[in-house]
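Heads up: the structure comes next, in structure tokens.
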Amino acid sequence: MRFSGFKVVKEALTGHRGWKPLWRDPAPQTHYDIIIVGGGGHGLATAYHLAATFGQARIAVLEKGWLGGGNIGRNTTIIRSNYLLPGNEPFYEFSMKLWESMEQALNFNAMVSQRGILNLCHTDAQRDAFRRRGNAMLLAGADAELLDRDGVRAMAPFLNFDNARFPIKGGLLQRRAGTARHDGVAWGYARAADQRGVDILQNCEVTGFRIENGTVKGVETSRGYIGAGKVGVAVAGSSGRVMQMAGMRLPIESHVLQAFVSEGLKPVIPGVITFGAGHFYVSQSDKGGLVFGGDIDGYNSYAQRGNLPVVEDVAEGGMALMPMIGRARLLRMWGGVMDMSMDGSPILDRTDVDGLFFNGGWCYGGFKATPASGYCFAHLLATGRPHETAAAYRLDRFARGHVIDEKGVGAQPNLH
Amino acid sequence: MLIPHPLLGPRDAQEFTYLGDAALLNRPDPASGTAAFCDYVYLRDNPAGTHRELWYHEYGDRSWLLVTRDTLSHEILDVRLAREVKTGGTA
């Protein structure tokens, strides 16, 4: 079934009886060439690229719950490539380029909307840092513009420009950044992977790895043992729990991040806006809700819910940035569990177990990376070599001293 | 979240800053080599469930506490002063 304008009109005229489920619900086979653990955005994108880009077959995605029920359905839907460091920026720009073509490639409307992201600066030093960051982005082939105060005012006149402590001095704008419908991304990749023969097995929790002589042979699951040639784990948030079953300790702590959405409002926020003096960012969904968030709660947590002090902190950030947000009523708030890595950057690498590959440590930036993470992880699984844009995301970079620490805070995951 | 301080009674977690796994108390011997220090600095058990961790009472009496907390429910199971905990043990 291919989606098109013609199909929509045809179904409208024939009582909508021709729509089919987007993917099959197959029974597990006894053996697959490649098993992906985790049916979130990254796992599904990996399966799609394995089948569509790297010509692999006999692939399964194992998901313990329902498809897209983890962080792919819990994030604040922002896509961007405004990083600084050479280990990061080319990867995220590669991801941004894949976002620009993924809807056509998947034949699925993921509502990718390049409405721009504006990072505000509040001091001269911060403007200098943004100029440097913008130049780094341009060098990696991304787009960046430095706006002065009037430029910001023209875009977002409702901001509090003359806050006594944090006056707005300007901003770094990436026009190609924006938002995408997060569930749609999972569904689009799942459907496209399924159409290429990937078995998506939901309610199939991995309970152990079968490892013989240092080589992975398969996985124990809640639906029985499944043999595998290679196993790729993409379960960010639960990486500690899953890799422990393979006897591995990771440079990762799990932390909870909260997000919020207001009642639906008329269009008011042009793109994504981030506060530079506190941790607060906001965008507006196509349904009208203001989607915003802030810092992680700050202590190890596997609970998919947060505590109130961070709610207060986020609300204070919102009020300092755009006082009119005080008139909006909060509709929902929720939490998701993050893999907070020791340098704030992800890990995409083979492990000490032959045939076992790891994708995780995305901190709170995993959503924007979904297409490139899938592409690069598929590249690694299919060819055995890291993709050129993900070559820095090695597991042993901590021991070698080649950390990719955008914030420069060291091995303190709750500060990244 | 309230943390039952052994000397001061229940205190708001907002008064504390968080460091991380209490395994950080067990700094390796300086002669034990790079690999041991890499493990110590970067690798974590990161359990889902009971977790022994270090909290600093920054806006209080500035003591370090060793808190045993459930990372699934945020329930606090035990709190003691870090200075009274023997290092090098099972932390």
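Proteins get letters first, then strands, A, B, ... in listed order; numbering begins at 1 in each. Both backbone and side-chain heavy atoms feed into the values below; hydrogens, waters and symmetry mates do not.
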* What part of A:Val403 gets closer than 4.5 Å to chain B, counting heavy atoms only: side chain, backbone, both or neither? -> side chain

* Asked: Does any heavy atom of chain B fall under 4.5 Å from the side chain of A:Ile252, the backbone, both, or neither of them?
  -> both

* To do: Kindly write out the residues that satisfy ring pair (Phe, Tyr, Trp, His ring centres under 6.0 Å) with A:Phe292, not counting sequence neighbours, or none if the list is empty.
  => A:Phe260, A:Phe280

Output all donor-acceptor pairs under 3.5 Å across chain A and chain B; consider backbone as well as side chains.
residue, atom, partner, partner atom, Å
A:Arg249, NE, B:Asp45, OD1, 2.7
A:Leu250, O, B:Arg44, N, 3.1
A:Ser254, N, B:Asn46, OD1, 3.0
A:Ser254, OG, B:Asn46, ND2, 3.1
A:Asn300, O, B:Arg69, NH1, 3.3
A:Asn300, O, B:Arg69, NH2, 2.5
A:Asn300, OD1, B:Tyr18, OH, 2.6
A:Ser301, OG, B:His74, NE2, 3.1
A:Tyr302, N, B:Thr71, O, 2.8
A:Tyr302, OH, B:Asn46, O, 2.8
A:Tyr302, OH, B:Asn46, ND2, 3.2
A:Ala303, N, B:Thr71, O, 3.4
A:Gln412, NE2, B:Leu19, O, 3.0
A:Asn414, ND2, B:Tyr18, O, 3.3

* **CZ (A:Arg74) with more than 12 external heavy atoms under 6.0 Å** => yes

* Asked: Which pair of heavy atoms, one from B:Leu43 and one from A:Pro251, lies closest together, and at what distance?
  -> CD2-N, 3.6 Å

* **For chain A, the option from B:Cys38, B:Ala35, B:Gly49, B:Ala48 that forms the most heavy-atom pairs under 4.5 Å** => B:Ala48

